[in-house]
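What follows is a short report on a single structure.
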Amino acid sequence: MTMTLYCFGESGHSYKAALALELAGLDWAPVKVDFFNGETRGEAYRTTVNEMGECPVLVDGEVKLTQSGVIQQYLSDTYGHFGGKTPEEAREVLRWVLWDNHKLSANAGIARFLMNFLPEDKRPAEVIGFLQARLKGAYALLDGHLKGRDWIVGDGPTNADLTCCGYLFYPEPFGFTRADWPEIDRWLSNIQALPGWKHPYDLMPGSPADRA
């Protein structure tokens, strides 16, 4: 049975789930969510798709899941990909998923939205500066951890990699330049070399070009 992922191309959290599905070679299809015209804020979406009003949402038969980290864990538990090879690795993967959602993706997602998807006169410079300072610390930690490593945990790609890269392939400026972080740059190249890798705007429907 084909799984369904409610998502849209600009969503870094959706990309994490879509990338896990695609790299695992699972049978799935995207359903575009019209975030920028308010679909996730509407009663119909919150009643029938996700009461939290967010993406992604995975539907696998009778199973419906929200939150990218939960979706990634479900796919690992159910289909056997990217969860870590030992209980110790699995815990370390979870540690990085939690860190990413709190320290990296949360700040990157908000900074990117404020800098690119709001009118220029509504972009709060002080808030953006605060977020970019927090991001700089996160990049430094990740860059340091990757020295001498091809992957964040263990000897192959895991959900730790698929969550932490979620926003780092997007072209819009939000305070991240790959060339400034050589270990992150090398690691992102490793991910891009995986069979089945696709850029978020190629993997999911929707991009800023659609609204240009």
Side-chain angles (χ1 to χ4, degrees), residues 1-37 39-40 42 44-85 89-90 93-94 96-98 100-101 104-105 108-109 112 151-154 156-171 187-188 190-211:
M1 179 181 295
T2 300
M3 286 180 272
T4 297
L5 185 72
Y6 289 81
C7 59
F8 60 102
E10 296 92 338
S11 167
H13 286 288
S14 293
Y15 183 53
K16 301 172 187 184
L19 193 59
L21 288 161
E22 190 72 11
L23 292 180
L26 298 173
D27 184 14
W28 72 286
V31 173
K32 182 182 179 181
V33 176
D34 193 357
F35 172 84
F36 289 95
N37 282 317
E39 183 177 352
T40 59
Y45 187 89
R46 290 176 179 252
T47 301
T48 63
V49 181
N50 183 4
E51 65 181 354
M52 296 179 179
E54 298 175 336
C55 284
V57 178
L58 179 75
V59 179
D60 184 13
E62 298 299 314
V63 176
K64 180 189 286 185
L65 298 170
T66 72
Q67 301 296 320
S68 60
V70 174
I71 292 170
Q72 288 177 315
Q73 188 64 53
Y74 168 78
L75 295 174
S76 295
D77 292 344
T78 307
Y79 299 103
H81 303 275
F82 308 128
K85 296 178 179 178
E89 283 193 5
V93 169
L94 176 60
W96 280 97
V97 170
L98 295 174
D100 164 71
N101 277 256
L104 180 54
S105 285
R112 177 169 161 266
W151 308 102
I152 293 176
V153 176
T158 66
N159 288 328
D161 304 287
L162 303 187
T163 191
C164 288
C165 79
Y167 279 93
L168 303 185
F169 286 115
Y170 281 96
W187 164 72
L188 290 175
N190 291 342
I191 296 173
Q192 287 177 281
L194 292 171
W197 180 87
K198 293 180 181 177
H199 187 277
Y201 292 146
D202 296 325
L203 186 56
M204 300 176 292
S207 76
D210 296 339
R211 303 186 306 280

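The first residue in the sequence is number 1, and the count goes up from there.
Remark: Q73 CD to L65 CG distance equals 11.0 Å, nearest 0.5 Å. Atom CD in E39 sits 11.5 Å away from atom CZ in R46 (nearest 0.5 Å). Between Y170 atom OH and S11 atom OG the span is 6.0 Å, to the nearest 0.5 Å. Distance check, rounded to the nearest 0.5 Å: CH2 of W96 to CG of L104 gives 9.5 Å. Interatomic distance, T48 OG1 to K64 NZ, rounded to the nearest 0.5 Å: 6.0 Å. How far CD1 of I71 is from OG of S14: 8.0 Å, rounded to the nearest 0.5 Å.
For F169, the ring pair (Phe, Tyr, Trp, His ring centres under 6.0 Å) partners are W197, not counting sequence neighbours. Residues satisfying the side chain to side chain donor-acceptor pair (under 3.5 Å) test with T40, not counting sequence neighbours, are none. Partners of W28 by ring pair (Phe, Tyr, Trp, His ring centres under 6.0 Å), not counting sequence neighbours: none found. Residues satisfying the ring pair (Phe, Tyr, Trp, His ring centres under 6.0 Å) criterion with Y6, sequence neighbours excluded, are absent altogether. Taking Y201 as the reference, R112, E172 meet the side chain to side chain donor-acceptor pair (under 3.5 Å) condition, with sequence neighbours excluded. Residues passing the side chain to side chain donor-acceptor pair (under 3.5 Å) test with D60 are Y74, Y79, sequence neighbours excluded. Remark: S105 engages K16, D100 in a side chain to side chain donor-acceptor pair (under 3.5 Å) (not counting sequence neighbours).
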Exercise for review: Check step by step if side chain to side chain contact (heavy atoms under 4.5 Å, CB included) holds for K85 and T158.
Suggested key: CA-CA 9 Å; K85 296 178 179 178; T158 66; over 6 Å; no
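A side-chain N or O of D161 and one of W187 form a donor-acceptor pair less than 3.5 Å apart.
At least one side-chain heavy atom of P171 sits under 4.5 Å from a side-chain heavy atom of H199. Side-chain contact check for N190 versus W151: some heavy-atom pair is nearer than 4.5 Å. Residues L75 and M3 have side chains in contact (heavy-atom distance under 4.5 Å, counting atoms from C-beta outward). The shortest distance between side-chain heavy atoms of V93 and S76 does not fall below 4.5 Å. A 4.5 Å side-chain heavy-atom check between L21 and L58 finds at least one atom pair inside the cut-off. Residues C55 and F8 are in side-chain contact: their nearest non-hydrogen atoms beyond the backbone lie under 4.5 Å apart.
Summarising the geometry of E10 relative to P208, their closest heavy-atom pair is OE2-N, 3.4 Å, with the distance given to 0.1 Å. Residues Y167 and A108 come closest through the heavy atom pair CB-CB, 4.0 Å. Of all heavy-atom pairs between T66 and M52, the closest is OG1-SD, 4.2 Å. Residues P56 and A17 come closest through the heavy atom pair CG-CB, 4.0 Å. Taking each heavy atom of G69 and V97 in turn, the nearest pair found is CA-CG1, 4.1 Å. Scanning both residues, I191 and C165, for their nearest heavy atoms gives CD1-CB, 3.8 Å.
No donor-acceptor distance shorter than 3.5 angstrom exists from the side chain of Y15 to the backbone of L162, with no hydrogens or angles considered.
Residue pairs satisfying the salt bridge (Lys or Arg N to Asp or Glu O under 4.0 Å) criterion with at least one member in residues 193-204, sequence neighbours excluded, are listed as follows: E22-K198. Within the structure, salt bridge (Lys or Arg N to Asp or Glu O under 4.0 Å) pairs that include any residue of residues 25-35 comprise K32-D210 (at least two apart or interchain).
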